[in-house]
S.K.: 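Could you have a look at this structure, given as structure tokens, before my questions?
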There are 2 protein chains.
Amino acid sequence: MTVSKTASDAVRSSRALRREPVDPAGDDSMLQLGELSGLLGYSLKRAQLRVFEDFLRCVAPLQLTPAQFSVLLLLDKNPGRNQTEIANTLGILRPNFVAMLDALESRDLCARMRSTNDRRSHILVLTDRGRAVLARAKKLVANKHEARLIEVLGPANHAALLEMLAKLAQEF
Amino acid sequence: MTVSKTASDAVRSSRALRREPVDPAGDDSMLQLGELSGLLGYSLKRAQLRVFEDFLRCVAPLQLTPAQFSVLLLLDKNPGRNQTEIANTLGILRPNFVAMLDALESRDLCARMRSTNDRRSHILVLTDRGRAVLARAKKLVANKHEARLIEVLGPANHAALLEMLAKLAQEF
DNA sequence: CGATATTAGATATGGCGTATAACAATTATT
DNA sequence: AATAATTGTTATACGCCATATCTAATATCG
């Protein structure tokens, strides 16, 4: 095989052999999930995988992963920050953030600028192209990805779900 | 470093440097998340990580990961199944299921038995020890892990959350 | 001021989850 | 009987995550 590290490959890869967990009318004649269906973590993980797959599909034209999209969003909302601050906010370890930035910078979506105050740190800025891609990505995410989620869940449920997940992500 | 592949290590590792995403009163002076907080996938992933961490903590005495627990549960509810059937049901690829089973079998929690009908396949069975560990694990999960989730969310919300996640995991 | 400690970014490395290809043994198909 | 398909397995590769360590630069403290 030869898989490059692009968002489109992630989509292809995820779609390629969609290992349906419960196999709907497959050849395994439907095993009993038992207590598994009551395990929140189980459904949580499955749902997360599905949602990320859909995100990748919806934003595939722009070749952005969820993580990359979150970086661009954060850079836009928080100008003048350095790598450590952005990485920490997203829960990314600094060493792992380097390659992420390399990828974004090589596509001219953002740039590192040596700070004049502290010449150790890199101030991160969106390029014009980065801003343009982000704007298009936002539209795709809102009109295709989140729209589909809202359609499936219903607006009220969607909001309630978001609130509960945020609560779990914080107070847990 | 030298990290062995045990559940306790997973707990230690997760706890060790808990990279708090939004850094509560840290030194990053609270960056703006912006549209990120409205992204379902973002909260979904964060919540999933937290819930899995808690699962590991709660069931740490038994050294079981969520994936291993799900395998034991499934073997208990579905006797006489082979590796492919169990793996498919859990969305695990057959090649990756081999090492998982090796680990469980080396701990005498389950065993592979050559089928008499089809001598290619291995019928998976829980050992006595496997049943005992599963029983203890179920109690820990119910009384510590899920109990905490219900406490944080409230029983009604917990049920609603479970339902919505199951819906996403299926109809999405 | 100068020695020491700390910090930012980067590199190297390892573990784990996941994905595909390919093989041997066995069974199914024709 | 010859060929195809299936089961478990091995080998392999990529992505994500984690830690230690290095350097340049800054901060701290005697």
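Atoms considered below: every heavy atom in the structure, side chains included; atoms not considered: hydrogens, waters and symmetry mates. Letters go in sequence order (proteins before strands), and every chain restarts at 1.
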S.K.: To the nearest Å, give me how far apart CG (A:Leu93) and P (D:dA20) are.
M.R.: 12 Å
S.K.: Side-chain contact, heavy-atom cut-off 4.5 Å: B:Leu74 with B:Leu124?
M.R.: no
S.K.: Among the candidates D:dT7, D:dT19, C:dT20, find the nucleotide nearest to the side-chain atoms of B:Pro95.
M.R.: C:dT20
S.K.: Rounded to the nearest 0.5 Å, what separates atom SG in A:Cys58 from atom CG in A:Leu140?
M.R.: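 That separation rounds to 7.5 Å.
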S.K.: Hey, is the side chain of B:Lys45 poking within less than 4.0 Å of OP1 or OP2 on D:dC16, counting only N and O atoms?
M.R.: no
S.K.: What is the distance, rounded to the nearest whole Å, between atom CD1 of A:Ile86 and atom P of C:dA8?
M.R.: 13 Å
S.K.: Please tabulate, one pair per line, each protein N/O and nucleotide N/O from nucleotides 23-27 of chain C that are separated by under 3.5 Å, including the distance.
M.R.:
| unit_1 | atom_1 | unit_2 | atom_2 | d |
| --- | --- | --- | --- | --- |
| C:dT26 | OP1 | B:Arg119 | NH2 | 3.1 |
| C:dT26 | O2 | B:Arg120 | NH1 | 3.3 |
| C:dT27 | OP1 | B:Arg119 | N | 2.8 |

S.K.: Using the side-chain hydrogen bond (donor to acceptor under 3.5 Å, both in side chains) rule, collect all pairs that involve residues 154-167 of chain A, keeping only residues at least two apart or in two chains.
M.R.: A:Glu146-A:His158
S.K.: Whole angstroms only, please: what is the CZ-P distance between B:Phe52 and C:dC16?
M.R.: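 The answer, rounded to whole Å, is 16 Å.
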S.K.: Rounded to whole Å, how long is the line connecting atom CD1 of A:Ile92 with atom P of C:dA10?
M.R.: 14 Å
S.K.: Rounded to the Å, how far apart are B:Gln68 CD and C:dG17 C1'?
M.R.: 13 Å
S.K.: Hey, does the side chain of A:Thr84 come within less than 4.0 Å of C:dT7's phosphate (OP1/OP2), counting only N and O?
M.R.: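 Result: no.
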S.K.: For A:Asn96 and for A:Ser121, locate the closest nucleotide of DNA chain C by heavy-atom distance; then report the residue assigned to the nucleotide nearer the 5' terminus.
M.R.: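 It is A:Ser121, whose closest nucleotide lies nearer the 5' terminus.
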S.K.: What is the distance from CD of A:Glu53 to C1' of C:dT18, rounded to the nearest Å?
M.R.: 12 Å
S.K.: Consider only side-chain N and O atoms of A:His145 and A:Asp54, and report whether a donor and an acceptor are under 3.5 Å apart.
M.R.: yes
S.K.: Could you tell me the separation between the CD atom of B:Gln48 and the P atom of D:dC17, rounded to a whole number of Å?
M.R.: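 Atom-to-atom, B:Gln48 to D:dC17, this comes out as 11 Å.
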S.K.: Under the side-chain contact (heavy atoms from CB on, under 4.5 Å) test, which residues partner B:Ala147, sequence neighbours left out?
M.R.: none
S.K.: Between A:Arg94 and A:Asn88, does any side-chain donor sit less than 3.5 Å from a side-chain acceptor?
M.R.: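 Indeed, the side chains of A:Arg94 and A:Asn88 share at least one donor-acceptor pair under 3.5 Å.
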S.K.: Closest approach to the side chain of B:His122, judged atom by atom: which nucleotide of D:dG8, C:dA10, D:dT10 is it?
M.R.: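 Comparing D:dG8, C:dA10, D:dT10 against the side chain of B:His122, the answer is D:dG8.
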